[in-house]
Structure formats: C-alpha cells, structure tokens
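Just so it is clear: chains get the letters A, B, ... in the order the sequence lines come, proteins before strands, and each one is counted from 1.
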Amino acid sequence: MKWIGLIAVVLTGALLLSAVGDFPDFGDPKSPANGGVGDFSVSQYYITHTEQDTKVPNVVTAVLADYRGYDTMFETTVIFIAGIGIIAILRSHPPGGRRGPAHPIDATVDGDHQRIIIGITCRIMIPIIQIFALYVVAHGHHSPGGGFQGGVMLGASFILIGLSRDLQAALARFSERRFIVLACLGVAIYAGFGLLCLLLERNFLDYGVLDGFFHTDPVMARSHGIFAVEVGVAFTVTAIMFAIYANLSSKGRLDEGL
Amino acid sequence: MFETFSIIAGAILLLLMLPAFYRVVVGPTAIDRIVAVNVIGTKTAVLLVFIGVIFGRVEMFVDFALAYGMLNFIGSLAAARYLHRVRPFYGKGGQLAEAEATPTERP
Amino acid sequence: MMYRAVTFSLLLAIWLVFSGIYDAFHIGLGILSCLFVTWISSDLLFDDRSLGFRARLGQAWRLGGYLAWLGWQLVLSNLHLLKLTLKPGAMAEVEPRITLYRTALKSDFEKFLLANSITLTPGTITIKILGDDFYIHSISKFAADGLDGQMERRIAAIFAPAGSGSPSPSAD
Amino acid sequence: MILDLVSMLLIAAGLLFFVGAAVGLVRFPDFYTRMHAAGKGDTLSSLLVISGFALHEFKDFEGMDFILALKLLAICVFIMMTSPTSTHALIDAGYEDGIEPVIAPDAENVLGDPTSRQP
C-alpha cells in the first residue's frame with residue numbers, strides 16, 4: 001500500500017515537473033499573463049476593467065474572489081480539509097485515553113501573576129482584537145484584507161482566551177460542535193453562492209446574476225457577492241484556526257490545553 | 001525632505017535588526033531566541049509604518065502594523081506558555097545545567 | 001445592561017476610527033459587528049460591575065492622568081537604560097538583583113496596573129506575584145531604589161479619591 | 001515645517017532608543033538583563049517613532065488626518081498594553097525553565113534558586 005502511494009506521488013510529481021519547461025520565463029513581458037495573446041492581455045484587463053465590472057476599488061480582492069473565485073473556493077476547501085484531518089487524526093485516538101490532562105498543571109508554579117497580569121491584559125485585548133478582525137473582513141473591498149486575514153485574527157482571539165485561562169474557558173465560548181458546524185457553514189456559503197448562480201442559468205460563481213437576490217444592479221451584485229464569499233472564507237478560517245489549536249495543544253483530548 | 005529622512009531612518013531600523021538576529025543565532029538559551037524574535041517582530045511593525053509613510057498609504061499600512069503586532073503578541077504569549085507548562089528545555093539552557101554533570105530531567 | 005451599552009459604544013468608536021469609510025453599508029456592518037462582539041464577549045471587557053457609571057467615569061479620568069505621569073517615568077527609565085548600554089565602563093553598574101516588594105493594593109486590577117507600571121519603568125520587571133508579594137528583577141541598584149512606593153500611592157489614589165477616605169471596593 | 005521638524009526629532013529619538021535596546025540585547029550578561037533591553041527599549045522607541053509619524057500626518061488639520069493620527073495612536077496604546085505583558089510572560093517562563101539569574105555580590109535572590117522549584 002505504501003509503495004502504491006509512493007509510485008503515485010512520484011508519477012504525479014514527474015508529470016507536473018515535465019510541464020515546467022513549457023512555462024514562460026520568469027518575469028517575461030510577453031507571456032500570456034503579462035503581454036497577452038494578440039491584443040488581449042489578462043493583467044491589463046483586470047487593471048482597467050475591475051472598477052466598471054465589479055465596483056471594487058481593490059483589484060486583488062476582485063481577482064481573488066470574483067475572476068478567480070473558483071481557485072479561492074478550493075483554497076478554502078484545502079484549509080477546511082487540513083482542519084478536519086487534524087481533528088480526525090487526533091480526536092479518534094487520543095494518547096492515553098480520554099482521561100487526565102495532557103500536561104499536568106502545577107498550581108504552585110502559576111502563582112497569581114498568570115491570572116492577574118496575563119489574564120487582565122487578554123481580557124481587555126480580546127474584544128478589541130475581535131472588532132479589528134471583523135473590520136478587516138468587512139473592508140476587504142477597500143484595503144488589503146478580507147476573509148483569510150480577518151479569519152486568522154478572529155481565530156487568534158479565541159486562542160488568546162485559551163492561553164490566558166485554559167482551554168475549557170475557550171471551549172465554553174466556542175465548543176467543538178460549534179467550530180465544526182461553522183467550518184462546514186463557511187465552505188457551504190461559498191459553494192452555495194456559486195450554486196445559486198448555476199441554478200439561475202449562469203456560470204458557477206458568476207455573481208452578476210444575483211441582482212434580484214441583493215436588490216441591486218448586476219455590477220453591485222458582483223461587489224456584494226464578493227463580500228458574501230469573503231464572509232464564508234472568514235467563517236471557515238476562524239473555525240479551523242481554533243480547531244487546530246485546541247486539538248494540538250491538548251493532544252486531541254480537549255481538556256486542559258496548554 | 002521628510003521622505004528622504006524616512007527612508008534613511010527605515011534603513012537604520014532595518015540594520016538594527018542585525019543585533020537581535022545575532023541573539024537568534026547565538027542563543028544561548030531557547031528563550032533568548034524567542035525574545036529576540038519578539039524584538040524583531042516589534043521592529044517589523046514599526047517598519048511597516050515607515051513603509052506606509054514612504055509610499056504615502058499610511059492608512060493601509062497601519063492595519064498591517066496592528067495585525068502584525070497582534071500576532072506577535074499572541075505568538076510570544078503562546079511560546080511563553082508552552083515553555084512554562086511543558087518545559088521542553090528544562091535546565092538544559094541555563095547556566096546551572098552547564099556546571100552540573102548530571103542533566104536534570106522533568107519527571 | 002448599562003455595561004453592555006458602554007461596551008457597544010466603545011467598540012463602535014474603535015470601528016469608526018479604523019473604518020474611515022462612512023457610508024450606510026459600512027456603518028451598518030460596523031453596528032452588526034459591534035453587536036456580535038458585544039454578544040460574544042461583553043463579559044470580558046468589564047469584569048466587576050458593582051460600580052455606577054459616574055464613579056467609573058471618574059476613575060477613567062484619573063487613570064488618564066496617571067498614564068501621562070507613567071509616560072514621563074518611561075522616558076526616565078529608558079535614559080537610564082541607554083546610559084547603561086552606551087556609556088563605556090557603565091557595564092560595571094549592571095548589578096542585577098531580585099527584590100521583594102509588598103503591596104497594600106487589594107483588587108486584581110490595581111495589582112495589574114502596578115505590575116505593568118513596574119515592568120515599564122526604571123530597569124525593573126515583575127517576575128511573579130504571590131498574594132501581596134511582588135518579586136521584581138532590577139537591573140541595577142539605582143533601579144531597585146526607584147521602587148519607593150510613590151507609584152503605589154498614585155495607583156491607590158485613582159481608585160479611592162482622597163476625599164472619600166474609604167478604600168474603594170474593587171475596580172476594573 | 002515646524003511640525004515636520006518636531007516629528008523628525010521624535011523619530012530620531014526613537015531610533016536612538018532602538019540603538020540602546022539593540023546594543024543591550026547583545027552586551028548584557030544574562031537572560032534576565034537582556035529582557036530589560038528587549039522589553040523596554042522597544043516600547044518607548046516604538047511610541048516615539050509612531051507618535052512622530054502621527055504628528056507628521058497631522059499636517060493639513062483636516063478631519064481625515066485626525067482619524068489617521070488616532071489610528072496611529074491606537075498602535076501606541078496597543079504596544080503600551082501588550083509589551084509589558086509579553087515581557088512578563090517571557091521572563092516568568094525563563095525563570096520556570098530553570099535559567100539561573102546573575103545576581104550582584106551585595107544582593108541575594110529572594111525568590112530562590114529556579115531549579116529548586118522543580119515539581
């Protein structure tokens with residue numbers, strides 16, 4: 001079984017490497033992406049048409065979530081699969097059964113400083129970090145940012161609860177059930193908007209057709225579609241960030257954590 | 001005038017990361033390296049503001065700096081917490097361990 | 001309820017400062033986000049809820065004054081550190097020591113403020129707090145002598161104004 | 001112009017403190033003293049540099065400049081809150097990790113030997 005896997009990996013790798021020779025040179029101004037084929041250039045099109053196509057000032061966001069939305073959907077799915085893989089591996093066979101903490105905690109070492117200094121700082125910082133994370137998600141159109149970055153920070157704020165108290169306090173707010181549901185929901189939102197476009201007889205993830213759904217014109221609908229998709233990405237990234245921390249820090253037992 | 005000054009100051013700040021980097025490489029203890037990485041992180045956050053001023057897009061780079069600072073803070077807290085609870089390097093990096101013949105191990 | 005409202009308006013103020021785009025769509029998103037954060041973590045920002053709004057406002061005002069004083073102390077501390085590092089021969093003045101400092105402050109937030117102020121000012125870092133005992137690492141004798149209790153008196157004055165005479169209950 | 005000069009002065013002062021912190025990080029004898037240079041040199045110098053920029057952004061006295069300066073000051077507040085906490089967390093972790101502090105000959109370590117506290 002191991003050998004079959006190895007052969008598959010080597011064959012795929014060789015196949016991919018053999019295609020490298022056909023790529024344009026690095027930074028070649030005449031490559032299809034830069035110079036274009038004939039008089040049509042991809043990057044020129046993005047730079048000149050993004051504003052009138054989608055009303056999104058930030059070209060990168062438009063390319064990421066609209067023009068190449070298919071790619072980003074599977075990036076989100078990769079994150080989702082990574083998280084689910086970690087949960088599946090660690091939760092199914094936690095070392096030493098489900099009893100007892102992973103790291104025995106010595107109360108005399110802790111003193112009062114953990115509770116006072118780190119606890120109070122984190123208590124004050126966490127809501128501020130959360131509002132900043134939501135700000136990053138919401139302003140993906142205007143500033144660099146969006147679902148991935150905001151999701152990482154929102155997940156980090158929950159990790160901070162786990163660091164300043166213990167994992168139980170964090171799990172009380174964001175339980176295992178909730179983070180798995182939220183991770184699935186994020187991917188479902190992204191794929192669901194794509195499917196909605198498909199049902200309305202347009203291409204997958206072609207948000208322009210959703211103008212009836214958002215009660216706007218087709219251009220604004222693309223802008224809103226990008227935002228909705230970013231929210232889905234943020235859901236998945238938040239949930240998976242916290243799920244990975246919770247499982248790795250407690251070795252899959254979800255009891256005391258670090 | 002102010003832009004030239006910012007570029008020079010930013011270059012000096014970048015050079016000042018070298019002493020911290022020396023600490024990352026030399027150690028001698030694991031936590032010394034973590035502290036030095038933390039110092040480099042703080043300097044990077046400030047450097048991002050420099051870059052924002054030079055490019056004239058401060059409002060954008062402030063977000064970067066703040067996000068970087070936040071993740072730096074969370075990272076150093078997590079590292080400290082890990083060393084505190086798990087103690088993977090217990091007694092190995094301290095000067096006492098070098099003097100003693102028998103290494104101390106955590107039960 | 002009042003604390004929730006205060007949390008919400010603080011968060012909204014932060015959002016408005018950061019956003020910089022004031023159209024209906026973004027402000028609406030801001031209000032939604034603030035409601036969400038208030039819902040999931042309003043118990044974090046304010047821990048002790050026994051005090052009235054007016055008393056809190058007074059505390060916040062005095063806290064601002066204290067922070068200004070602390071900023072000046074921060075400059076002094078860094079000048080001392082700069083002298084230790086850059087002046088040739090000053091390395092002999094580096095005489096690290098760990099000292100014990102016993103405080104009369106009672107509530108957690110006061111201790112937190114004292115510990116962080118100690119960490120920020122003249123060459124001293126709080127290593128541990130055990131009960132009322134602060135274990136402090138100082139970099140030189142000058143720095144260790146700086147801990148003369150002035151800081152503690154100022155912190156106590158924030159939470160118990162001189163007129164009232166009675167020690168304040170606990171404060172956030 | 002005057003505002004530019006003042007902000008340049010602030011940034012230069014911040015850089016000077018950054019130099020102090022960097023030199024201290026290399027020259028100080030043990031982990032605990034290096035922590036002093038790392039934790040505090042960075043705090044004040046970041047505050048000075050960023051407040052210098054905040055002053056510089058204030059040039060036109062418009063509403064948006066004010067918001068931008070406030071945004072920069074938010075970084076200052078953030079650093080002021082988090083820096084002492086992470087300094088404390090790291091020095092405490094170092095102590096619990098059994099790093100022996102260098103103590104001056106005329107003083108004693110009231111906290112006791114870090115490695116004797118092994119559970």
- Query: Do you know which of C:Phe112, C:Phe18, C:Phe25 has the most heavy-atom pairs with chain A at a distance under 4.5 angstrom?
  - Reply: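 Heavy-atom pairs under 4.5 Å are most numerous for C:Phe112.
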- In terms of the angle between their ring planes, are A:Phe242 and A:Tyr245 parallel, tilted or perpendicular, with boundaries placed at 30° and 60°?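 Ring orientation, 0 to 90° scale: tilted.
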- Using distance alone, with no hydrogens and no angle criterion, decide if A:Tyr45 and A:Asp53 have a side-chain donor and acceptor under 3.5 Å apart.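 Yes, because at least one side-chain N or O of A:Tyr45 sits under 3.5 Å from a partner of the opposite role on A:Asp53.
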- If you count heavy-atom pairs under 4.5 Å with chain C, which of A:His141, A:His139, A:Gln130, A:His142 comes out on top?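 Highest number of pairs under 4.5 Å: A:His139.
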- Task: May I ask you to name which of A:Val137, A:Ile128, A:Thr121, A:Ile126 has the most heavy-atom pairs under 4.5 Å with chain C?
- Result: A:Thr121
Where on [X] is there a heavy atom nearer than 4.5 Å to chain A: the side chain, the backbone, both, or neither?
{"X": "C:Ile40", "result": "both"}
{"X": "C:Leu11", "result": "both"}
{"X": "C:Leu32", "result": "neither"}

Please report, to 0.1 Å, the donor-acceptor pairs under 3.5 Å made by any side chain of residues 205-221 of chain A, with sequence neighbours excluded.
residue: A:Asp206; atom: OD2; partner: A:Arg202; partner atom: NE; Å: 3.2
residue: A:Asp206; atom: OD2; partner: A:Arg202; partner atom: NH2; Å: 3.4
residue: A:Tyr207; atom: OH; partner: A:Ala65; partner atom: O; Å: 2.8

- Item | Electrostatic pair C:Glu95-C:Arg97, nearest N-O below 4.0 angstrom |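 So C:Glu95 pairs with C:Arg97 through a salt bridge.
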- Message: Using the rule given for salt bridge (Lys or Arg N to Asp or Glu O under 4.0 Å), can you reason through C:Asp132 versus C:Arg102, listing the C-alpha separation, both sets of side-chain angles and the distance that settles it, and then say yes or no?
- Response: CA-CA 6 Å; C:Asp132 289 339; C:Arg102 188 155 290 165; over 6 Å; no
- Note on the structure: The interface call for A:Ser143 against chain C, heavy-atom contacts under 4.5 Å, is neither
- Which atoms of A:Phe174 approach chain C - backbone, side chain, both or neither, heavy atom under 4.5 Å: neither
- Verify side chain to side chain donor-acceptor pair (under 3.5 Å) between A:Thr72 and A:Glu75, making sure each step is shown before the conclusion. CA-CA 5 Å; A:Thr72 310; A:Glu75 275 169 26; 4.7 Å; no
